Structure formats: C-alpha cells, structure tokens
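To start, the structure under review is shown below, and the notes come after it.
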Amino acid sequence: MVDGIRFYESQETGLGAYFLNSIMSDLRSLSVYAGSHQKYDTKYYRMVCKRFPYLVYYRLEVAEVHVYAILDERRDPFFIERTLKNIGAEE
C-alpha cells in the first residue's frame, strides 16, 4: 500500500490520497460482498479493486474477513504467488 501511495503521489499531487481512499472504500465493501469474489488457490478470495489495478486477497473466518495482501495486479504472477505462499507459511 505504501509503495502504491508513493507511486501515485509521484504521478500527480493528491493522487496518492485518492488511491488510499479508493482502496479503503473497496475494503469497506467487503462487509457486504465478502465471499462473493473469485477463489484463488482454494485458500483466498480475490477481489479486484474498482479504480486502481490492485487485488485484495482475503479469507472468511467465522464472521470475520481477514485481509492477507493488497497487491498490484501488474506484478509478475510468480511474485504474487510467492507473496501469498510466504504469508501462508507464517500462519
């Protein structure tokens, strides 16, 4: 997230804050739509953010949504896979 904020702010003043607000809005939408997104690797749900090319990887656990990663979807697919495996190894 921090890298995304810095990147977009370097593109245009105020765009970093807009990026953060947009991602936070997408995260708030999980209170309604959690579980309706595509499954990734049978462990995580994957939500595509609305305004920026980012993906939110999360799980439903009992009555809670646990966000595990928010990643730029333009990254190398192997980076995304490694990141999620590393997160899984920490559990």
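Given the structure is predicted, the values throughout are model-derived calculations rather than measurements.
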Lys39 to Tyr44, cation-pi by 6.0 Å centre distance and 45° axis angle: no

Heavy-atom check, side chain of Phe52 versus side chain of Leu15, under 4.5 Å: yes

Check: Val65 and Leu60 side chains under 4.5 Å, non-hydrogen atoms: yes

Side-chain heavy atoms of Tyr54 within contact of Ile23, under 4.5 Å: yes

Side-chain heavy-atom pair Met47, His37 within 4.5 angstrom cut-off: yes

Arg59 to Tyr68, cation-pi by 6.0 Å centre distance and 45° axis angle: yes

Path from Val67 to Val48 over hydrophobic side-chain contacts below 4.5 Å: no

Would you tabulate the side-chain donor-acceptor contacts of residues 25-35 under 3.5 Å, counting partners in other chains and residues two or more places apart, or write 'none'?
residue, atom, partner, partner atom, Å
Asp26, OD2, Lys50, N, 3.3
Ser29, OG, Asp26, O, 2.6
Ser31, OG, Arg28, O, 2.9

Donor-acceptor pair, side chain of Asp41 and main chain of Lys43, under 3.5 angstrom: no

Cation-pi geometry met for Arg75 and Phe79 (6.0 Å, 45°): yes

From CG (Asp72) to CG (Leu55), nearest 0.5 Å: 8.0 Å

Flag side-chain contact, heavy atom, 4.5 Å: Tyr45 against Tyr57: no

Joint cluster assignment, Leu20 & Leu71, ILVMFWY side-chain distance < 4.5 Å: no

CD1 on Ile5 to CG on Asn21, rounded to 0.5 Å: 9.5 Å

Distance (rounded to the nearest 0.5 Å) between Met24 CE and Phe19 CZ: 11.0 Å

Residue pairs fulfilling side chain to side chain donor-acceptor pair (under 3.5 Å) with at least one residue in residues 8-18, sequence neighbours excluded: Tyr8-Arg74, Tyr18-Arg51

